[in-house]
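Shown next, in structure tokens, is the structure this report addresses.
In what follows, chains carry the letters A, B, and so on, assigned in the order in which the sequence lines appear, proteins first and then strands, with residues in each chain numbered from 1.
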Amino acid sequence: MTAIVTVRVQHEDFDTAAEIAALGKGRTDIGAIVSFSGLCRGNDHETPISALTLEHYPGMAEAEIMRHAEQAMARWPLQGLTVIHRFGRITPGENIVLVVTASSHRQAAFEAAEFLMDYLKTNAPFWKREETEDGGSWVEAKSHDDAAAARWTK
Amino acid sequence: MTAIVTVRVQHEDFDTAAEIAALGKGRTDIGAIVSFSGLCRGNDHETPISALTLEHYPGMAEAEIMRHAEQAMARWPLQGLTVIHRFGRITPGENIVLVVTASSHRQAAFEAAEFLMDYLKTNAPFWKREETEDGGSWVEAKSHDDAAAARWTK
Amino acid sequence: MKVKYFAWVRERIGKAEETIEPPADVRTVSELIAWLTAQGEGYAYAFEKPKVIRTAIDQTHVQPDTAISGAREIAFFPPMTGG
Amino acid sequence: MKVKYFAWVRERIGKAEETIEPPADVRTVSELIAWLTAQGEGYAYAFEKPKVIRTAIDQTHVQPDTAISGAREIAFFPPMTGG
């Protein structure tokens, strides 16, 4: 059966359940589905965050994510892959990002989901700005995210 | 906030979406939710499988999974953890097992979910029997599952 | 003591559980497996490869050299294949 | 050529995009950053640590020594923080 790759960059929220169901629906060749949901936290630092604003590079964001989704499809035996990344203003508790991977084998599904999340954290053209009581600030890139992404180039 | 650990061993199907939603509901301290769904495949070998029957050791199954869930809670900074394992007759495309982990950090959520799945594959008292046209046979344990489980004892 | 059998161990022996009274010189899990093996054809078939058999005492995994004294429930089964 | 700025690079320069015509001796990404730095206070502030700045040419990540000839759209931005 065919493998389905879906990439969406959108402001609107998404339905994790529906995305998982869509990958598995009507198929009996999938043994494992892994989903990763990234959520907006309210307590990242001492100062509570009232919202995040995600800026992105329209066009490049979609193309870059699709390029990495295709890399994941080439690298692991996947039967389906969905990546959704939101932009705009997002409040604590809301979804930011979703990766769903489907495979016959659990290790492939786990690894591909981790690979895509590590990529999204470090190389997808999105930038987070935190809104707090005293104003706001751009989130700084984390070196441990770079280290996590680097392990896939070995 | 408190961490919620849920372990269920049941014949009835479960609702992956509802379980993911239950872990995240009303909270703003969770940054990552990973879910793993294990599904019954119809095409594991040359002979198509018409169903799996999962036998389990009532009492020990629940206790052993809970013990490993607590190990995961001690090992990773988790804010919630749900494990559901079905028993009885399950047909291709149906759910077998669900692990959902919630954490502030994605690596913890991924690792804890993989640890629990590796454990469930090798040490939880469940046995799969495959039903095929020519009868059926007990699924043999796989050495690569043992190897996957062994990496967590390092 | 109560003994439980699962999966193909259960099928080969032909029952899911029973109460047994092994002699006092049967002290460990592996001695109990050897004693059970002599209880009939189904038992001999179930335990023909004793190294493959996994054992739980009172619902906890144990090793072949674990003592069985004080056990209320001993279970024998093949390698597990859940998940 | 069209230039785009994102996140704090955009805020410091005070615009999201513009069309520029750098002189012919500006050949690489790092030479373009150096030239932009001299275009005013906002530019100088945005590019004060040029090593931090990431660049894409026609929506593909590039290195500081990449040639800019033929580029239709060049974007400058801080390290990415999506996911």
Side-chain angles (χ1 to χ4, degrees), chain A residues 1 15-21 23-44 48-52 79 91-107 109-111 113-118 120-121 142 144-145 147-148 151, chain B residues 1 15-21 23-44 48-52 79 91-107 109-111 113-118 120-121 142 144-145 147-148 151:
Chain A
M1 284 184 79
D15 181 346
T16 303
E19 300 301 334
I20 294 175
L23 275 195
K25 195 171 180 178
R27 299 184 69 148
T28 60
D29 60 336
I30 293 174
I33 298 182
V34 167
S35 82
F36 178 92
S37 313
L39 307 169
C40 177
R41 280 185 289 156
N43 64 340
D44 226 356
I49 294 164
S50 50
L52 278 181
Q79 290 156 322
T91 55
E94 278 189 74
N95 290 314
I96 298 171
V97 63
L98 177 70
V99 171
V100 188
T101 54
S103 177
S104 296
H105 298 288
R106 72 184 185 288
Q107 204 54 41
F110 271 121
E111 284 186 12
E114 288 191 67
F115 163 80
L116 283 161
M117 280 310 305
D118 286 342
L120 290 169
K121 287 271 172 189
K142 294 178 189 79
H144 67 247
D145 284 333
R151 66 190 159 135
Chain B
M1 282 185 78
D15 181 346
T16 303
E19 300 300 334
I20 294 174
L23 274 195
K25 195 170 184 180
R27 299 184 70 148
T28 59
D29 60 336
I30 293 174
I33 297 183
V34 168
S35 83
F36 177 93
S37 312
L39 308 169
C40 177
R41 281 184 289 155
N43 64 340
D44 226 353
I49 294 165
S50 50
L52 277 182
Q79 289 155 323
T91 54
E94 278 190 73
N95 289 312
I96 298 171
V97 63
L98 177 70
V99 170
V100 189
T101 54
S103 177
S104 295
H105 299 286
R106 75 184 183 286
Q107 204 53 40
F110 271 121
E111 284 186 10
E114 288 191 65
F115 163 80
L116 282 162
M117 280 311 306
D118 286 342
L120 290 169
K121 287 270 173 192
K142 294 179 188 78
H144 67 248
D145 284 333
R151 67 192 160 135

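Ranked by heavy-atom pairs under 4.5 Å with chain B, the list A:Thr101, A:Asp145, A:Ile96, A:Val97 is led by A:Asp145. Most heavy-atom pairs under 4.5 Å with chain B, from the set A:Ile20, A:Val99, A:Ile30, A:Thr16: that is A:Ile30. In terms of heavy-atom pairs under 4.5 Å with chain A, the best-connected choice from B:Ala102, B:Ala32, B:Ser104, B:Ala21 is B:Ser104. The greatest number of non-hydrogen atom pairs below 4.5 Å with chain A, out of B:Gly93, B:Pro92, B:Ser37, is found for B:Ser37.
Residue A:Thr91 does not touch chain B at all, counting heavy-atom pairs closer than 4.5 Å. Contact annotation for A:Ala148: only side-chain heavy atoms (C-beta onward) come within less than 4.5 Å of a heavy atom of chain B. For A:Asp15, no part lies under 4.5 angstrom from a heavy atom of chain B. Both the backbone and the side chain of A:Ser35 come within less than 4.5 Å of a heavy atom of chain B.
Classified by interplanar angle (parallel below 30°, tilted 30° to 60°, perpendicular above 60°), the ring pair A:Phe110/B:Phe110 is perpendicular.
A 4.5 Å side-chain heavy-atom check between B:Lys121 and A:Arg106 finds at least one atom pair inside the cut-off. Side chains of B:Glu114 and A:Glu114 form a contact here, defined as non-hydrogen atoms less than 4.5 Å apart.
Considering CD of A:Gln107 and NE2 of B:His144, their distance stands at 9.0 Å, rounded to 0.5 Å.
The shortest heavy-atom contact between A:Leu39 and B:Ile33 is CD1-CD1, 3.8 Å.
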